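For reference, the structure discussed in these notes is given below.
Note that ligands are numbered from 1 as they come in the structure, with each ligand's atoms numbered from 1 the same way. Owing to the predicted nature of the structure, the values given are computational and were not obtained by experimental measurement.
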Amino acid sequence: MLKLGEVVLKGLNRSAFENRLKSNIARRVRPYGSFDIHCAQSTIYVEPRQADCDVDGAWEACQAVFGIASLCRCRPCGKTTDEIFRAAVDYLGDELSLAKSFKVESKRADKGFPMTSIQLSQEIGGRLHAAFPQVAVDVHHPDYTVYVEVREQAAYVHGPALPGAGGLPTGMGGRAALLLSGGIDSPVAGYMMAKRGVELECVHFFSYPYTSERAREKVLELARLLTRYCGRLTVDVVSFTKIQEAIRDQCPENYFTIIMRRFMMRIAQAIAADHGCKALVTGENLGQVASQTMEAMAVTGAVVDLPVFQPLIGMDKEEIVTIARKIGTLETSILPYEDCCTVFTPRHPKTKPSRREAEEIEAKMDVEGLIAEALANTEKVTVRYHGGSC
Ligand code: ATP
Ligand code: MG
């Protein structure tokens, strides 16, 4: 049973949210067998249709679906006290027997059920205490709580709920292009926007042979790790070598990074337009490196019309690393393969570049031609969710 998060607040849009969430869940649990997915009373039920369904796999996958506040793994049973008691003993007995104290908490969504919630809790609690006399009853601070929910179709027993991934269902917040590097920050930035319901299209700039095949594989692996949260992703791998060589040959060294980032933004915007993306997302973080000053970001952002979302802008590195660890991208991000940003790194990057100067430098370059060629040399790679957790 998956309890909906913010979705319930969305009033008239609610059914669109529920439908989107149901189809996201259906896609995510498909590798684990055939499940019946339906929604009632702000709860989505994911029920295995066959005995050979991989319920552990589906349970794991549902923990990463945005839009879910909490998850309960339940045992359904008939709506009689005998069946509820037997289900509780059978399904929760092992955990219950390890607790020092317990209580039963009941909810009665089926108002036709002949007992009140309190009566039901007392009845099941009394019988469980008789079955597990070493576990004390404590209704105020129990070590373990047995939940009983009497709903329309069946009664359900479960132990404590697990927190869900939160956020909004992927796809409800529109589409955006994520500039995905091999670093720690951009996968976290992608995760944070996906959590707000944004569907992502990834763009990666690749400078072969200055950056190796392994560096490219690393980025595809990061995208694959993000699919646990986002579902299937496409990565547009843009060949960036010619542009970097042109920058090296034609630009003053202190402007290398700024000009390179302006190229990245223009190309990302062109790819975004092709995919109906309404924003760009980067992993920029104020003050982290020379290209992430306000002045540098203004000069970089000036070449695009789309809004540029930088969800990490005000975070400390330690906070970003904590999220990277939680979502399982950190280990891959810290593999020591070079990124195109590190290829022609200026010794003294300009921390306060001017837009006019950047434009003057670019006026001497074939900006349009270089971009057209890079776009023509873009490879689309689809990465899929293969299950497994971090
Ligand atoms: P990250 O850890 O995400 O690489 P960073 O702190 O190293 O970020 P920069 O290298 O300055 O910062 O890059 C800033 C942002 O530009 C990145 O977060 C990412 O969104 C984008 N970016 C940088 N390099 C690439 C690349 N090779 N391909 C795609 N996007 C990139
Ligand atoms: Mg980087």
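- Taking the charged nitrogens against the carboxylate oxygens, Asp56 and Arg73 do have a contact shorter than 4.0 Å, which makes a salt bridge.
- No donor-acceptor distance shorter than 3.5 angstrom exists from the side chain of Lys195 to the backbone of Leu168, with no hydrogens or angles considered.
- Dense packing is recorded around CD of Gln134, with more than 12 heavy atoms of other residues, nucleotides or ligands lying under 6.0 Å away.
- Among the atoms of Met264, none of the N or O lies under 3.5 angstrom from an N or O of ligand 1.
- Of all non-hydrogen atoms in Gly183 and Ser333, the two that sit nearest each other are O-OG, 2.8 Å.
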TODO: Test Asp185 against Lys317 for salt bridge (Lys or Arg N to Asp or Glu O under 4.0 Å), laying out the working first.
DONE: CA-CA 9 Å; Asp185 302 333; Lys317 192 74 188 181; 2.9 Å; yes

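- Across Leu180, Asp236, Leu178, Asp185, heavy-atom proximity to atom 2 (O) of ligand 1 is greatest for Asp185.
- Close approach of ligand 1 to Gly283 (heavy-atom distance below 4.0 Å) involves ligand atoms 17 (C), 18 (O), 20 (O).
- Residue contacts with ligand 1 for Val219 are absent, since no atom lies close enough (heavy atoms, distance under 4.0 Å).
- In terms of N/O distances under 3.5 Å, ligand 1 is not approached by Val281.
- Shown in contact with Val203 at under 4.0 Å from a heavy atom are these atoms of ligand 1, numbered in order with element: 29 (C).
- Residue-ligand proximity, Ser186 to ligand 1, at heavy-atom distances under 4.0 Å covers atoms 1 (P), 3 (O), 18 (O), 19 (C), 20 (O).
- Side-chain atoms of Ile320 and Thr322, non-hydrogen and from C-beta on, never get closer than 4.5 Å to each other.
- Per-residue contacts place Gly183 under 4.0 angstrom from the following atoms of ligand 1 (heavy atoms of the residue considered): 1 (P), 2 (O), 4 (O).
- Polar contact with ligand 1: absent for Lys317 (N/O pair, distance under 3.5 Å).
- The contact set between ligand 1 and Thr282, taken as ligand atoms under 4.0 Å from a residue heavy atom, comprises 20 (O).
- Seen from the ring of Phe113, Arg108 does not count as a face-on cation partner, given the 6.0 Å and 45° thresholds.
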